[in-house]
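First comes the structure, then the notes that go with it.
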Amino acid sequence: MKINTICCLGAGYVGGPTMALIAAKCPHLKVIVADLNERRIAAWNSDTLPVYEPDLDKVVAEARGRNLHFTTDIRGAIVEAEMVFVSVGTPTKSYGIGAGRAADLCYIESAARTIAEVSQGHKIIVEKSTIPVKTASAIKTILEANSSPSATFEVLSNPEFLAEGTAIEDLEDPDRILIGGENTPGGHLAVEALASIYANWVPRERIITTNLWSSELSKIVANAFLSQRISSINSISALCEATGADVKEVARAIGMDQRIGPRFLRASVGFGGSCFQKDLLNLVYLCESFHLPEVAEYWSQVVKINDWQKSRFVGRIVRTLFNTVTNKRIAVLGFAFKKDTNDTRETAAINVCRDLLRERARIAVYDPQVTADGIRQELLAAGVEPALLDSHLEICPDAYAASEGAHALAVLTEWDEFAALDFPRIHTLMVKPAFVFDGRAILPHDELQVLGFECFTIGKGL
Ligand code: NAD
Ligand code: UDX
């Protein structure tokens, strides 16, 4: 099947960068990215993209207006495309059955209904969003029950494994591309049509194909395994702090075992981001739905340790600051859930700032990419009272402004610039004793100690 035009429903952190890269690598393809959100589309068409990712602006500049188009005309985009990617959000459901655990599939269903409504002829529908296993069959049922008799569909699963902050790198050089399809002649043709798009820049041996359910499930399982490693090392970080071991040294020692490997063993204040917790909760819910309570309980521990790690960090700050932080200024360095992104979804900083504000600390936040409004909105959504934000939250233009008059400095995101700050200047600006709580273990601790800071490092202690 010859594909000339593809479209993507959803111009978010996945849809935007993924389609921009496909357009850049496949100049012969027309790529249309469509979203309901007018502001987001306007931003994709401007010089200030709605997503911050290293090198994303270059990739977009190369293809936009040539073969990459951003639009709110969702129906027009579907009509024109032979292949439709669905990259809408699948957040944790906040209401009704499965609230707090199941994936909310309302955006997926609404996208499927729009596709059914306007489609004629044959189209390949590609699930890019992360969804519970068996969703492809629900999509197919909706498409077939609501479309014109001339419309036919193949549904593929093609989960995205990019990580934010390295999205372009991950898209250009993926570990693997996973495509799930039906074991029918039509299914094989559709899989090959999608595989041949990726083959423009990904070696064929890295494009793997499976059945639909394995592909859908693999995405959630990959995130479960990755986050499990972080909760494992974070649980050990507590033991290191209690015993005098250093979690970095332990991670290095175990990571050199080739069976364990060195990556994803960085102890932290807790993992964040829009995917890990959501997909773990979804996995737990799936296991419960399939009557596997022991499996559900096993994976729910990964989330529990992560929540505990965040509150443990706050507890450590309060205890160390002589059991009271009331009206003490605490400089918070970093609000994004990791470096090199402006994304704050589920960032550990939300819990840490919320809990410190509830202790009546005065919080002075600096993040190189997150806007003041973004920080405020996250804390409001986390239940912090507006009056408390007005009186106790300040957003600062740099780390020095945040440190001025601060009793403590807490590093919550591993931005490179934090390790290279002018610490003698910061020490002068702070109230003494000047405490540092390094939730990412990135600061030059020997230098800090010589300067007179009292340092707490995650996984190492005071
Ligand atoms: P996002 O919230 O940034 O973007 C989703 C977009 O879909 C929004 O802009 C929304 O307006 C739009 N949308 C909703 N319904 C629509 C419709 N019917 N038609 C057109 N647009 C519609 O979400 P995201 O971070 O890009 O994630 C999308 C999916 O990819 C999720 O399932 C997520 O789990 C998965 N995923 C995310 C990442 C990541 O790093 N963010 C990585 C891999 C997979
Ligand atoms: C994750 C997966 O890595 C990616 O494959 C999937 O497509 C989407 O979800 P992302 O959430 O963007 O990507 O970033 P990731 O690098 O995985 O980091 C997630 C969180 O874990 C961040 O808060 C990060 O700081 C934290 N983390 C990561 C650690 O605390 N320690 C580590 O060793 C690694």
Side-chain angles (χ1 to χ4, degrees), residues 7-19 33-41 43-44 50-51 53 71-75 77-78 84-92 103-115 127-132 135 158-167 170-171 174-175 219-220 222-227 229-234 237 247 251 255 262-280 282 306 309-310 334 336-341 343-349 412-414 439-441 458-459:
C7 82
C8 177
L9 308 188
Y13 283 87
V14 169
T18 309
M19 292 301 128
V33 191
D35 202 295
L36 303 163
N37 185 329
E38 287 177 12
R39 270 180 57 194
R40 222 167 199 185
I41 290 299
W44 279 112
V51 169
E53 276 291 337
T71 178
T72 51
D73 179 11
I74 293 169
R75 288 177 162 74
I78 298 168
V84 182
F85 290 76
V86 179
S87 187
V88 300
T90 48
T92 304
D104 191 340
L105 296 177
C106 70
Y107 304 106
I108 293 277
E109 173 157 352
S110 136
R113 287 186 184 276
T114 312
I115 296 169
E127 300 172 337
K128 206 22 129 185
S129 302
T130 306
I131 40 183
T135 304
N158 173 222
E160 183 49 61
F161 293 98
L162 69 78
E164 290 179 28
T166 52
D170 297 342
L171 288 166
D175 287 350
K219 172 64 204 178
I220 292 178
N223 276 350
F225 271 62
L226 289 167
S227 48
R229 275 175 77 92
I230 304 170
S231 278
S232 296
I233 200 72
N234 280 345
S237 73
V247 78
R263 299 181 65 186
F264 265 69
L265 288 179
R266 276 180 285 117
S268 66
V269 60
F271 61 73
S274 64
C275 293
F276 280 171
Q277 175 170 297
K278 160 176 88 72
D279 294 345
L280 278 163
N282 190 355
N306 197 48
Q309 184 78 346
K310 292 181 265 189
F337 81 98
K338 63 186 281 195
K339 72 172 180 177
D340 292 339
T341 177
D343 196 346
T344 56
R345 290 178 289 180
E346 304 294 343
T347 175
L412 303 187
T413 311
E414 74 282 24
R440 295 286 186 165
I458 202 90

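Predicted, not measured: the structure shown is a model, and the values here were computed from it. These numbers come from the heavy atoms of this one structure, side chains and all, not from hydrogens, waters or symmetry mates. Indexing begins at 1, ligand by ligand and atom by atom, following the structure's order.
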Of the protein's non-hydrogen atoms, which lies at the shortest distance from [atom], and what is that distance?
atom: atom 15 (P) of ligand 2; value: Lys338 NZ, 3.6 Å
atom: atom 28 (C) of ligand 2; value: Ile230 CD1, 3.5 Å
atom: atom 19 (N) of ligand 1; value: Ile74 CD1, 3.6 Å
atom: atom 38 (C) of ligand 1; value: Val14 CG2, 3.2 Å
atom: atom 22 (C) of ligand 2; value: Phe337 O, 3.4 Å
atom: atom 31 (N) of ligand 2; value: Arg266 O, 2.8 Å
atom: atom 18 (N) of ligand 1; value: Ser110 OG, 3.6 Å
atom: atom 25 (O) of ligand 2; value: Arg440 NH1, 2.6 Å
atom: atom 41 (N) of ligand 1; value: Glu164 OE2, 2.8 Å
atom: atom 5 (O) of ligand 2; value: Phe161 O, 2.7 Å
atom: atom 5 (C) of ligand 1; value: Gly89 N, 3.6 Å
atom: atom 29 (C) of ligand 1; value: Val88 O, 3.4 Å
atom: atom 23 (O) of ligand 1; value: Arg345 NH1, 3.7 Å
atom: atom 31 (C) of ligand 1; value: Thr90 OG1, 3.5 Å
atom: atom 12 (O) of ligand 2; value: Glu164 N, 2.7 Å

Side chain, backbone, both or neither: which part of [X] has a heavy atom under 4.0 Å from ligand 2?
X: Ala163; answer: both
X: Leu265; answer: backbone
X: Leu162; answer: backbone
X: Arg345; answer: neither

Out of all atoms in ligand 1, which are within 4.0 Å of some heavy atom of [X]? Include the element for each.
X: Tyr13; result: 3 (O), 24 (P), 25 (O), 26 (O), 41 (N)
X: Ser274; result: 41 (N)
X: Lys219; result: 43 (C)
X: Ser87; result: 5 (C), 28 (C)
X: Ala34; result: 20 (C), 21 (N)
X: Lys278; result: 33 (C), 34 (O)
X: Gly10; result: 6 (C), 7 (O), 12 (C), 20 (C), 21 (N)
X: Leu162; result: 40 (O), 42 (C)

Under the 3.5 angstrom rule, does the side chain of [X] hit a backbone N or O of [Y] as a donor-acceptor pair?
X: Arg229; Y: Arg263; result: yes
X: Ser129; Y: Val86; result: yes
X: Trp44; Y: Ala11; result: yes
X: Thr114; Y: Ser110; result: yes
X: Gln309; Y: Val269; result: no
X: Ser87; Y: Gly10; result: no

Compute the shortest N/O to N/O distance between [X] and ligand 1 and return yes if it is under 3.5 Å, no if not.
X: Lys128; answer: no
X: Tyr107; answer: no
X: Cys275; answer: no

Shortest non-hydrogen contact from [X] toward [Y]:
X: Ile131; Y: Ile220; answer: O-CD1, 3.5 Å
X: Asn223; Y: Asp279; answer: ND2-OD2, 2.8 Å
X: Leu36; Y: Ile74; answer: CD2-CD1, 3.3 Å
X: Ile458; Y: Ala267; answer: CG2-O, 3.9 Å

Inter-residue atom distance Thr344.OG1 - Lys338.NZ, 0.5 Å rounding: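 If we round to the nearest 0.5 Å, Thr344:OG1 and Lys338:NZ are 14.5 Å apart.
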
NZ-CG distance between Lys219 and Asn282, expressed to the nearest 0.5 angstrom: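 The NZ atom of Lys219 sits 12.0 Å away from the CG atom of Asn282.
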
Heavy-atom gap Arg229 to ligand 2 smaller than 4.0 Å: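 It does not, in that no heavy atom of Arg229 comes within the 4.0 Å cut-off of ligand 2.
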
Close approach of Lys219 to ligand 2, heavy atoms, under 4.0 angstrom: yes

Enclosure of Tyr107 OH (heavy-atom neighbours >12, cutoff 6.0 Å): no

Glu160 neighbourhood, listing ligand 2 atoms whose heavy-atom distance to it stays under 4.0 Å: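 Near Glu160, meaning under 4.0 Å from one of its heavy atoms, ligand 2 has 7 (O).
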
For Ser268, atoms of ligand 2 separated by under 4.0 Å from a heavy atom: 29 (C), 30 (O)

Leu280 and Phe271: CA distance, side-chain angles, deciding distance, side-chain contact (heavy atoms from CB on, under 4.5 Å) verdict: CA-CA 12 Å; Leu280 278 163; Phe271 61 73; 3.8 Å; yes

Tell me the nearest of [options] to [atom], using heavy-atom distances.
atom: atom 26 (C) of ligand 2; options: Phe271, Phe276, Tyr13; value: Phe271
atom: atom 35 (C) of ligand 1; options: Ile41, Thr130, Asp170, Thr114; value: Thr130
atom: atom 10 (C) of ligand 1; options: Asp35, Asn37, Ile108; value: Asp35
atom: atom 2 (C) of ligand 2; options: Asp175, Asn223, Thr130; value: Asn223
atom: atom 20 (C) of ligand 2; options: Gly272, Ser274, Gly273; value: Gly272

Presence of salt bridge, Glu160 and Lys128, under 4.0 angstrom: yes

Glu164 bridged to Arg345 by N-O distance under 4.0 Å: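 Yes, charged N to carboxylate O under 4.0 Å.
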
N or O pair under 3.5 Å between Cys275 and ligand 2: no

Gly270 N/O under 3.5 Å from ligand 2 N/O: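 Gly270 vs ligand 2: no N/O contact under 3.5 Å.
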
Thr90 side chain to Lys278 side chain, donor-acceptor N/O pair below 3.5 angstrom: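 Checked: Thr90/Lys278 side chains pair up, N/O donor to acceptor below 3.5 Å.
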
Candidate list Asn234, Thr413, Leu412, test side-chain contact (heavy atoms from CB on, under 4.5 Å), partner Ser268, passing option: Asn234

